[in-house]
J.: 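Dropping a structure here in structure tokens format, bear with me for questions.
Note on naming: letters A, B, ... go to the chains in the order of the sequence lines (proteins, then strands), and numbering restarts at 1 for each one.
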Amino acid sequence: MSSKPKSKLLKKDTRSDLITYAMVLVAFAVVEIIQATGSMTSLMRGLLVPLCMYSILAVSLNLVVGILGDLSLGHAGFMCVGAYASSIFSVCTRETIENPWIRFPIALLIGGICAAIFGILIGIPVLRLKGDYLAIVTLAFGEIIKNILCSIYVGYDSKGIHMSFESESSLGMEMDGKLIINGPLGINGTPTDSNFIVGIVLLLITLFVVLNFIHSRAGRAVMSLRDNRIAAESVGINVTKYKLIAFSLSAFFAGIAGVLYSHNLNVLAATSKNFGYNMSIMILVFVVLGGIGNIRGSIIAACVLTALPEVLRDLKDYRMLMYAIVLIVMMIITSSPKLVSFREKYGLRQFIKTKMANRWTKEVQ
Amino acid sequence: MKKSMRKILAAVLALTLIVGLFAACGSKEDSGTQTGAETIKIGAIGPLTGGAAVYGNAVKNGAQLAVDEINKAGGINGMKIEFRMEDDEHDAEKSVNAYNTLKDWGMQMLMGTVTTQPCLAVINNTKADNMYQLTPSASGADVIVNDNTFQVCFTDPNQGIASADYIADNGIARKVAVIYNSSDAYSSGIYNTFKSEAAAKGLEIVATEAFTEDSKTDFSAQLTKVKSSGAELLFLPIYADAASSLLSQASKLGLNVKYFGCDGLDGILDIEGFDGKLAENVMLLTPFAANATDETTQKFVSAFKAAGYEESTLNQFAADAYDAIYIMKAAAEKSGVKAGMSVSEIGDAMKGVMPQITVDGVTGSGMKWLSTGEVSKTPKAVKIVNGEYQAME
């Protein structure tokens with residue numbers, strides 16, 4: 001940010017970023033005020049952490065889809081890795097580290113780093129592919145992760161860690177053994193360390209890292225790969241390196257979101273509902289609806305689409321129909337050329353711009 | 001300037017609308033506690049949409065029937081029951097949302113959830129609120145770890161044990177093959193205990209084949225192995241939708257074995273496009289058979305049909321839910337629950353009397369509860385004969 005007085009307008013990118021941070025902070029303040037006045041419903045309170053989580057997921061996927069320009073359908077897989085890794089840690093250290101303010105940050109780091117490692121491992125072979133091929137391979141990766149975690153049994157006792165794909169009894173543990181992952185039942189008893197403040201802080205950190213990454217040298221290199229790979233290569237940009245950076249960064253934050261998820265509910269199981277390709281596509285819908293490459297839009301879309309089916313509960317069985325209709329209408333509104341030109345003419349952004357310009361000209365005079 | 005004024009006005013208007021929306025949400029909560037004066041609010045959670053919707057809808061109908069009957073007869077301690085069921089799509093996260101929605105509505109007792117995995121997430125919330133929770137059909141063993149949660153159905157491990165005992169004690173078969181869903185908690189839960197109990201009872205498991213949720217349409221590989229293993233009986237601790245395609249493929253393959261399943265097989269005759277003849281002679285362990293001759297079942301079945309509910313939902317889940325509401329009534333009457341009591345007070349009162357009550361229901365007579373939340377009743381087995389469930393001796 002420039003240290004000069006107001007007379008100089010901020011750079012366009014910086015201003016846009018600041019609006020994004022401000023939006024999150026205002027949302028946080030509004031929620032806190034509603035909570036303080038006691039008129040917050042249980043449903044809204046229960047939705048706060050999921051809203052943060054889905055926002056983080058949407059922002060992180062936007063890094064791959066919008067900035068890197070690759071279609072990834074395995075985002076739920078990274079989330080799954082983060083959720084399981086952190087849950088294993090938290091369940092094992094529940095008794096030894098009692099303070100959640102120490103335990104949870106470590107869990108977050110473990111979840112994020114494990115997901116990032118998987119991001120790199122998957123990325124090395126996969127990022128050679130483009131477009132549809134990449135989408136299919138990432139989709140397969142997500143399914144593999146889900147299915148492995150769904151059928152694995154892990155436990156530990158005095159002799160060490162036991163693992164099996166058969167059943168609980170074939171682990172052959174001692175009497176003092178403790179079961180960590182119980183096959184399709186997953187991990188039970190993860191401490192519920194997630195809360196709204198942590199969620200908001202994590203969302204802000206995600207935004208900070210992602211937005212700064214986009215504006216950094218590496219970010220520009222990544223975007224140049226998106227816009228014209230051959231041209232970028234010809235000026236000496238290392239394709240694999242920058243693709244991997246973006247991909248693993250995205251996986252890292254998906255892992256963080258997974259940690260939030262697993263520490264919000266005390267039961268964690270890999271089902272096709274939560275870590276299947278449906279979830280991956282759901283996150284992609286957030287990104288597409290919010291605008292590919294538009295970080296702020298991703299957050300708004302994630303919040304609206306997560307809250308919508310819950311708010312529409314009064315409509316009973318028709319709510320999923322309504323949800324689909326709203327999705328279609330929103331898609332048309334955001335992309336119809338007539339409406340886009342209408343928005344550009346009369347939209348809020350235009351309004352602020354003219355306001356600013358007026359003031360600017362006044363100050364100059 | 002004028003234009004900008006109009007825009008500011010529009011923005012202010014939009015803001016007031018949003019604030020109004022929040023205020024409306026808030027006021028809903030208030031009205032919930034006020035009307036609690038002469039009614040008692042029972043909430044229910046289950047999958048009303050999605051793959052497991054058949055169970056949720058059965059529970060909804062069964063419970064609604066019981067609620068209507070009780071209200072007609074004067075209610076619980078003079079209080080009318082208000083009943084509301086919310087959808088969880090068989091997903092843990094959605095289930096917690098459904099729970100919170102019901103809490104906003106003013107729910108005082110919870111009947112739910114229908115399926116195990118979401119239930120494991122919700123028990124954490126009911127524990128925090130000390131809300132009395134009775135699940136009709138979530139059969140996982142961990143569902144009842146908290147002292148405020150009770151079950152109407154058997155736990156999965158108990159079903160596995162009961163199945164092995166039934167097969168061995170009645171001399172149905174000695175050589176047994178198993179096909180189960182390794183990605184499903186219910187299925188693998190039953191399989192694990194079945195395996196150990198079968199060994200103890202001298203049954204020989206000659207083949208064990210697994211499938212997952214994503215591959216539940218093609219069973220040819222598993223069935224071929226079962227066929228070559230020389231099993232006399234195929235144990236299927238799986239749900240009806242997978243079993244229907246399994247049975248059709250088995251008949252094409254010419255597999256000649258006896259079939260034995262658990263309560264998940266219930267409802268197999270009502271699956272669309274499934275030839276009921278294929279399920280002929282399939283045995284299943286279920287607490288409910290619609291054509292059982294005892295008086296309670298007969299009364300329930302005729303009332304269910306008279307009320308006009310879809311007959312495809314007349315299954316064990318509906319019966320469990322029907323019983324659940326009557327169990328709640330029995331416990332509430334015994335403990336003297338009054339409308340003005342808070343959720344936590346009701347929770348304390350109800351869980352105190354649960355080990356003392358005995359309920360004769362559709363799914364078993366003389367049902368009793370341990371303070372752990374587990375039910376004790378005799379398991380029943382039925383056999384499909386001429387396209388109908390027939391109670392076995």
J.: In terms of heavy-atom proximity below 4.5 Å to chain B, should A:Phe165 be classed as side chain, backbone, both, or neither?
T.: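 When you check distances to chain B, no heavy atom of A:Phe165 falls under 4.5 Å.
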
J.: A quick test of your reading: do over 12 heavy atoms of other residues, nucleotides or ligands sit less than 6.0 Å from OH of B:Tyr309?
T.: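 More than 12 heavy atoms, drawn from other residues, nucleotides or ligands, come within 6.0 Å of this atom.
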
J.: Among B:Gly189, B:Ala98, B:Ala92, who wins on heavy-atom pairs under 4.5 Å with chain A?
T.: B:Ala98

J.: Tell me, side chain or backbone of B:Asp87 under 4.5 Å from chain A's heavy atoms, or both, or neither?
T.: both

J.: Under a 4.5 Å cutoff for heavy-atom pairs, which residue among A:Asn266, A:Thr271, A:Asn274 has the most contacts with chain B?
T.: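 Greatest number of close heavy-atom pairs with chain B: A:Asn266.
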
J.: Where on A:Thr192 is there a heavy atom nearer than 4.5 Å to chain B: the side chain, the backbone, both, or neither?
T.: side chain

J.: Working to the nearest 0.5 Å, report the span between OG of B:Ser182 and OH of A:Tyr153.
T.: 7.5 Å

J.: Looking at A:Pro309, A:Gly276, A:Ala269, A:Pro184, which one has more heavy-atom pairs under 4.5 Å with chain B than the rest?
T.: A:Pro184

J.: Can you tell me how far CD of B:Glu93 sits from CE of A:Met53, rounded to the nearest 0.5 angstrom?
T.: 5.0 Å

J.: Is there a donor-acceptor pair under 3.5 Å between the side chain of B:Asp104 and the backbone N or O of A:Thr41?
T.: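 Checking the backbone N and O of A:Thr41 against the side chain of B:Asp104, no donor-acceptor pair under 3.5 Å is found.
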
J.: Is chain A contacted by the side chain of B:Ala210, its backbone, both, or neither, given a heavy-atom distance below 4.5 Å?
T.: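 Neither part.
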
J.: With a 4.5 angstrom heavy-atom cut-off, could you sort out which part of B:Lys94 is near chain A: side chain, backbone, both or neither?
T.: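 Interface part for B:Lys94: both.
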
J.: By a 4.5 Å heavy-atom criterion (distance strictly below it), what part of B:Asn97 contacts chain A: side chain, backbone, both, or neither?
T.: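 It is both, since atoms from each part get that close.
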
J.: Evaluate whether atom CE of A:Met163 has more than 12 neighbouring non-hydrogen atoms of other residues, nucleotides or ligands under 6.0 angstrom away.
T.: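 Incorrect, the count does not exceed 12.
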
J.: For A:Asn182, is it the side chain, the backbone, both, or neither that has a heavy atom closer than 4.5 Å to a heavy atom of chain B?
T.: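 Interface part for A:Asn182: neither.
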
J.: Of the options B:Asn100, B:Leu102, B:Val96, which is the one that meets A:Leu43 in a side-chain contact (heavy atoms from CB on, under 4.5 Å)?
T.: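 The residue from B:Asn100, B:Leu102, B:Val96 that satisfies side-chain contact (heavy atoms from CB on, under 4.5 Å) with A:Leu43 turns out to be B:Asn100.
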
J.: Between B:Ser188 and chain A, which part of the residue has a heavy atom less than 4.5 Å away: side chain, backbone, both or neither?
T.: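 For B:Ser188, side-chain heavy atoms alone lie under 4.5 Å from chain A.
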
J.: In terms of side-chain geometry, is the basic nitrogen of B:Asp88 or A:Arg313 positioned less than 4.0 Å from the acidic oxygen of its partner?
T.: no

J.: What closest approach, in Å, do A:Ser42 and B:Lys103 show between heavy atoms, and which atom pair accounts for it?
T.: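 In this case the closest contact between A:Ser42 and B:Lys103 is OG-CE, 3.4 Å.
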
J.: Are there more than 12 heavy atoms of other residues, nucleotides or ligands under 6.0 Å from atom NZ of B:Lys127?
T.: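 More than 12 within 6.0 Å, yes.
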
J.: Any non-hydrogen side-chain atom of B:Asn124 less than 4.5 Å from a side-chain atom of A:Leu265?
T.: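 Answer no - side chains too far apart.
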
J.: Is it the backbone or the side chain of A:Leu185 that comes under 4.5 Å from a heavy atom of chain B, or both, or neither?
T.: both

